[in-house]
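First comes the structure, then the notes that go with it.
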Amino acid sequence: MSTRTHHCNKLCTEHIGQTVSLAGWVNAYRDHGSGLVFIDLRDREGLTQLVFDTEDSSQTVLAVADKLRNEDVVAATGIVRTREGGPNPKLDTGEIEVVVKEIELLSKTDKLPFLPSDEENMPGEEMRLRYRYLDLRRPKMQQILRTRHRVAKLTRDYFDEQGFLEIETPILCKSTPEGARDFVVPSRLQPGEWYALPQSPQLFKQILMVAGCEKYLQICRCFRDEDPRADRQAEFTQIDCEMSFVEREDVMQVMEGFARRLWKEVLDYDAPEFERLTYRECLDRFGIDRPDTRFGLEIVDISDLAAKTDFGVFATALAKDRGVVRAIRVPGGATRLTRKMTDRYTEFVKQFGAGGVPVCKCTDKGLETGIARFVEPVAAELIARLGLEPGDSVLFGADSYGTCVKALGELRIKVARDLDMIPEGKWNFLWVVDFPMFEYNEEAGRFQSLHHPFTAPRPDQIEAFLAADGNDRDAIEAILSDGYDMVVNGSEVGGGSIRIHRKEVQERVFSLLGISPEDAAEKFSFLLDALRFGAPPHGGIAFGLDRVVMHLCGTDNIRDVIPFPKTQTGGDLMSGAPGEVSDEQMQELHVKSTWEGE
RNA sequence: GGGGCGGUAGCUCAAUUGGUUAGAGCACCGGACUGUCGAUCCGGAGGUUGCGGGUUCGAUUCCCGUCCGCCUCGCCA
């Protein structure tokens, strides 16, 4: 095989007359008979047209060219010249062609399940995953792989500049309570014992702070055995970091700088200073802890007005524990929202536990249709509070606070999509802060960490936290944490916190979570020990690398940015994982399956 | 575990109210063509309509089950 001298995007008029060697895949062939053949040769970088004709190429070379088909692999040597048939403005190399003197067929392809170059007839995702190596040949996928590489490289560069050390932590870990379901690995050497794959290197990175590393970084794989979503895989990659002797502000500055660097380097976008919202504000105004503020449709409380009406739905809601009535103004909704759509919205919110979506319209005569006659007594106040103008419509939610804002928050996003209200090409970065430390889980009858059990209370809350009565639900839920989430266009890309570095605070958290001292000792003794032996104040954050790459590549499917992703049922359609293991393997691992098949 | 959508040629899709031999584009195979660039033109081959059952004179179409893929609720400290 001749040594390659150039990539297929590199040749231009200044190479005319030079002898060059290229190698790659046949992207397209145009065969004009035995006398003239064109091949678009594709490699990682681009396309170059090869030409074979009777005047310039030998019969042997022509004979090979005549048989070339899509996706055959060839190496060719020839001379660069101006395109005799005129330039092709669609290609970077459209000014030139390579007239081939030598050609070697390196690999003949069998019949293909699909053509990577055929953008018009893109195969379904199942096909793409089964033949991932063909899918990845597509320039779009090559571009994603490249962007992912750049993000990883920029990560290492940025954090290196900031004085972080890249340190590895174990993949075979100990299972810890709470959190997601663990993936688990049987121990051969310790019969009956199991490792868990890390859901994140959380405890190890804190231990590294106690170990005096001061600034830690890792691009690490994490595993959570939960059902996937469009933006979630069981196996994903996290940009994980931790810093000592810092406060919340320090971590946020470092990470904001990092995000700004990524967007600048990859998209040449200068992000403005990130907006900050409290968790409470997020829920009140957007009904979600990762708000998308690129469009309006904010949620407005009208409970006091609703109380003045005779509408049964409102009365029922207000009678509930923490019952509220809230509304969203939809500009121009009177004509843009059809009856069919609003009927669907009622179905839509039912999945979030809400009963339905009452509506009404605003005209120049006041409120009309839907529940207008019920809200008539407060029409003027409603118009004023929501800023209604003729042509608008109003979507109502009435339920307990949690259900109401959740339903309206999801509805708000759906309406924005339906009405095409989300601006393209706009970036919306923000921080969410002041999360509660705990939320009460009604079913379990106990408190849960909103973030994780190692999150510290905000410094001004610590004394109140230590003093709070564990049975006083309101007092406990009022304690704010020193955590922070980074949100980009309504998607959570990173989250972290200042950690607890005082043993008594950590023990108090465990006890509130219902983790007995014995359990805590069994599961976390190494952390509690470490906190006894001189732990510096520290905090950190984890970034979802996959999600960041999704944003930078403009896709809403996480599988697009993972080279070899898994399906909804956790399968790898290419390799066939997961699969059975032999009885011998099972025996060695002291494992017996209870699965009997069906 | 629940809800929704989908599965027809190698790929992307079509097929009237349940009705004759299940079609088209691309790919593939053969042929023609010396300036194409998604080459063009002619011809050919290619089907267990995911799988199993049911209804029917007759099922790609209707019903039930099941498998696979996607979206989603739950879940994701």
Side-chain angles (χ1 to χ4, degrees), chain A residues 27-40 47-57 62 67 69-71 82-91 93-94 97 99 109-131 134-135 176-182 199-200 202-203 222-234 236 344 347-353 406 410 414 435 437-439 441 443 447-455 481 483 492 495 497 509 513 515 542 544 556-557 559 566-569 571 573 598:
Chain A
N27 196 64
Y29 66 93
R30 295 177 289 279
D31 185 349
H32 289 247
S34 53
L36 180 65
V37 178
F38 298 99
I39 299 287
D40 290 338
L47 293 174
T48 296
Q49 174 168 285
L50 305 181
V51 61
F52 305 76
D53 66 46
T54 44
E55 290 169 28
D56 301 289
S57 310
L62 263 169
K67 295 283 180 235
R69 291 297 179 266
N70 294 317
E71 301 304 317
T82 316
R83 285 204 185 198
E84 286 187 11
N88 180 358
K90 290 185 202 164
L91 293 184
T93 57
E97 64 190 8
V99 57
T109 180
D110 210 337
K111 277 191 184 178
L112 293 154
F114 65 90
L115 257 189
S117 56
D118 188 359
E119 297 285 338
E120 300 296 310
N121 295 309
M122 271 272 291
E125 194 170 8
E126 205 172 337
M127 268 296 140
R128 293 174 52 204
L129 293 178
R130 195 173 303 278
Y131 301 96
L134 296 181
D135 187 45
T176 53
E178 299 213 39
R181 192 176 294 114
D182 283 322
Q199 298 182 23
S200 92
Q202 182 60 36
L203 294 176
C222 302
F223 307 86
R224 295 177 190 177
D225 188 8
E226 301 291 349
D227 288 5
R229 288 287 184 275
D231 64 349
R232 211 169 82 188
Q233 283 265 300
F236 63 101
R344 269 209 303 272
E347 288 310 305
F348 176 76
V349 297
K350 282 182 182 165
Q351 63 181 320
F352 307 107
K406 166 87 173 159
E410 297 290 345
K414 183 165 179 60
F435 292 86
M437 287 279 288
F438 308 97
E439 60 186 350
N441 183 323
E443 288 163 32
F447 292 107
Q448 290 183 333
S449 291
L450 211 76
H451 192 51
H452 60 55
F454 318 107
T455 302
S481 82
E492 185 195 324
S497 62
V509 169
L513 293 174
I515 301 174
D556 53 10
N557 179 349
R559 294 178 300 279
K566 294 188 172 53
T567 67
Q568 200 78 209
T569 50
L573 295 179
E598 282 169 54

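Order of the sequence lines sets the chain letters (A, B, ...), proteins ahead of strands, with each chain counted from 1.
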Just checking [X]: base, sugar-phosphate only, or nothing, at a heavy-atom cut-off of under 4.0 Å?
{"X": "A:Gln448", "answer": "nothing"}
{"X": "A:Gly124", "answer": "sugar-phosphate"}
{"X": "A:Gln199", "answer": "nothing"}
{"X": "A:Asp225", "answer": "nothing"}
{"X": "A:Thr569", "answer": "sugar-phosphate"}
{"X": "A:Glu84", "answer": "base"}

Applying side chain to side chain contact (heavy atoms under 4.5 Å, CB included), name anything that partners A:Gln199, two or more places apart in sequence or on another chain.
A:Ala180, A:Asp182, A:Arg224

Would you confirm whether [X], through its side chain, and [Y], through its main-chain N or O, come within 3.5 Å as a donor-acceptor pair?
{"X": "A:Arg69", "Y": "A:Thr109", "answer": "no"}
{"X": "A:Arg232", "Y": "A:Asp227", "answer": "yes"}
{"X": "A:Gln233", "Y": "A:Lys566", "answer": "yes"}
{"X": "A:Thr93", "Y": "A:Leu47", "answer": "yes"}
{"X": "A:Glu226", "Y": "A:Arg181", "answer": "yes"}

Using whole Å, report how far [atom1] of [X] lies from [atom2] of [N].
{"X": "A:Leu573", "N": "B:G50", "atom1": "CG", "atom2": "C1'", "value": "14 Å"}
{"X": "A:Arg128", "N": "B:C68", "atom1": "CZ", "atom2": "C1'", "value": "17 Å"}
{"X": "A:Leu91", "N": "B:C37", "atom1": "CG", "atom2": "P", "value": "12 Å"}
{"X": "A:Leu115", "N": "B:G25", "atom1": "CG", "atom2": "P", "value": "17 Å"}
{"X": "A:Arg130", "N": "B:C68", "atom1": "CZ", "atom2": "C1'", "value": "8 Å"}
{"X": "A:Leu134", "N": "B:C11", "atom1": "CG", "atom2": "C1'", "value": "11 Å"}
{"X": "A:Arg30", "N": "B:A32", "atom1": "CZ", "atom2": "C1'", "value": "19 Å"}
{"X": "A:Leu36", "N": "B:C37", "atom1": "CG", "atom2": "C1'", "value": "11 Å"}

Under 4.0 Å between a side-chain N/O of [X] and OP1 or OP2 of [N], yes or no?
{"X": "A:Asn88", "N": "B:U36", "value": "no"}
{"X": "A:Arg69", "N": "B:C29", "value": "yes"}
{"X": "A:Tyr29", "N": "B:C28", "value": "yes"}
{"X": "A:Gln568", "N": "B:C71", "value": "yes"}
{"X": "A:Lys90", "N": "B:G38", "value": "yes"}

From the set [options], return the single nucleotide nearest to any side-chain atom of [X].
{"X": "A:Asp118", "options": "B:G35, B:C71, B:G38", "result": "B:G38"}
{"X": "A:Lys111", "options": "B:G1, B:C11, B:C28", "result": "B:C28"}
{"X": "A:Asp40", "options": "B:U72, B:C37, B:G74", "result": "B:C37"}
{"X": "A:Val51", "options": "B:G35, B:C11, B:C73", "result": "B:G35"}
{"X": "A:Thr567", "options": "B:G69, B:G1, B:C28", "result": "B:G69"}
{"X": "A:Asp227", "options": "B:U12, B:C73, B:C26", "result": "B:C73"}
{"X": "A:Arg559", "options": "B:C71, B:G35, B:U72", "result": "B:C71"}
{"X": "A:Glu97", "options": "B:U36, B:C76, B:C73", "result": "B:U36"}

For [N], does the base pair up with any side-chain atom of [X] as donor and acceptor (N or O, under 3.5 Å, distance only)?
{"X": "A:Arg232", "N": "B:C76", "result": "yes"}
{"X": "A:Gln49", "N": "B:U36", "result": "yes"}
{"X": "A:Arg181", "N": "B:G74", "result": "no"}

Can you tell me which residue among A:Ser481, A:Pro453, A:Ser497 is in a side-chain contact (heavy atoms from CB on, under 4.5 Å) with A:Met437?
A:Ser481

Give me the distance, rounded to whole Å, that separates [N] from [M] when you measure between the [atom1] atoms they each carry.
{"N": "B:A9", "M": "B:G47", "atom1": "C1'", "answer": "6 Å"}
{"N": "B:U55", "M": "B:A15", "atom1": "C1'", "answer": "23 Å"}
{"N": "B:G10", "M": "B:C28", "atom1": "C1'", "answer": "8 Å"}
{"N": "B:G3", "M": "B:A39", "atom1": "P", "answer": "48 Å"}
{"N": "B:C70", "M": "B:U17", "atom1": "C1'", "answer": "31 Å"}
{"N": "B:G23", "M": "B:C68", "atom1": "C1'", "answer": "26 Å"}
{"N": "B:G25", "M": "B:U66", "atom1": "P", "answer": "40 Å"}
{"N": "B:C62", "M": "B:G18", "atom1": "P", "answer": "7 Å"}

When the nearest nucleotide of RNA chain B is assigned to A:Lys566 and to A:Ser449 on a heavy-atom basis, which residue is associated with the more 5' position?
A:Lys566

Need to verify one output field. Residue with the more 5' nearest nucleotide on RNA chain B, A:Gln202 or A:Phe38?
A:Phe38

Does [N] pair with anything, Watson-Crick or G-U wobble, both distances under 3.5 Å, and if so, with which nucleotide?
{"N": "B:U21", "result": "none"}
{"N": "B:U36", "result": "none"}
{"N": "B:G44", "result": "B:C28"}
{"N": "B:U55", "result": "none"}
{"N": "B:U8", "result": "none"}

Would A:His32 count as stacked on B:G35 if the rule is ring centres under 5.5 Å and plane angle under 30°?
no

Rounded to the nearest 0.5 Å, how far does CD of A:Glu55 lie from CG of A:Leu36?
10.0 Å

Could you check whether the rings of A:Phe454 and A:His452 sit parallel, tilted or perpendicular, using 30° and 60° as the cut-offs?
tilted

Using 4.0 Å as the upper bound for N to carboxylate O, is an ion pair formed by A:Arg130 and A:Glu126?
yes

Under-4.0 Å salt bridge between A:Lys350 and A:Glu347
yes

Taken in chain and number order and not counting sequence neighbours, the residues that satisfy ring-ring contact (aromatic ring centres under 6.0 Å, His included) with A:Phe435 are A:Tyr279

Which atoms of nucleotides 4-10 of chain B (N or O only) lie under 3.5 Å from a protein N or O atom, and what are those distances?
| from | atom 1 | to | atom 2 | distance (Å) |
| --- | --- | --- | --- | --- |
| B:G10 | O2' | A:Pro113 | O | 2.6 |

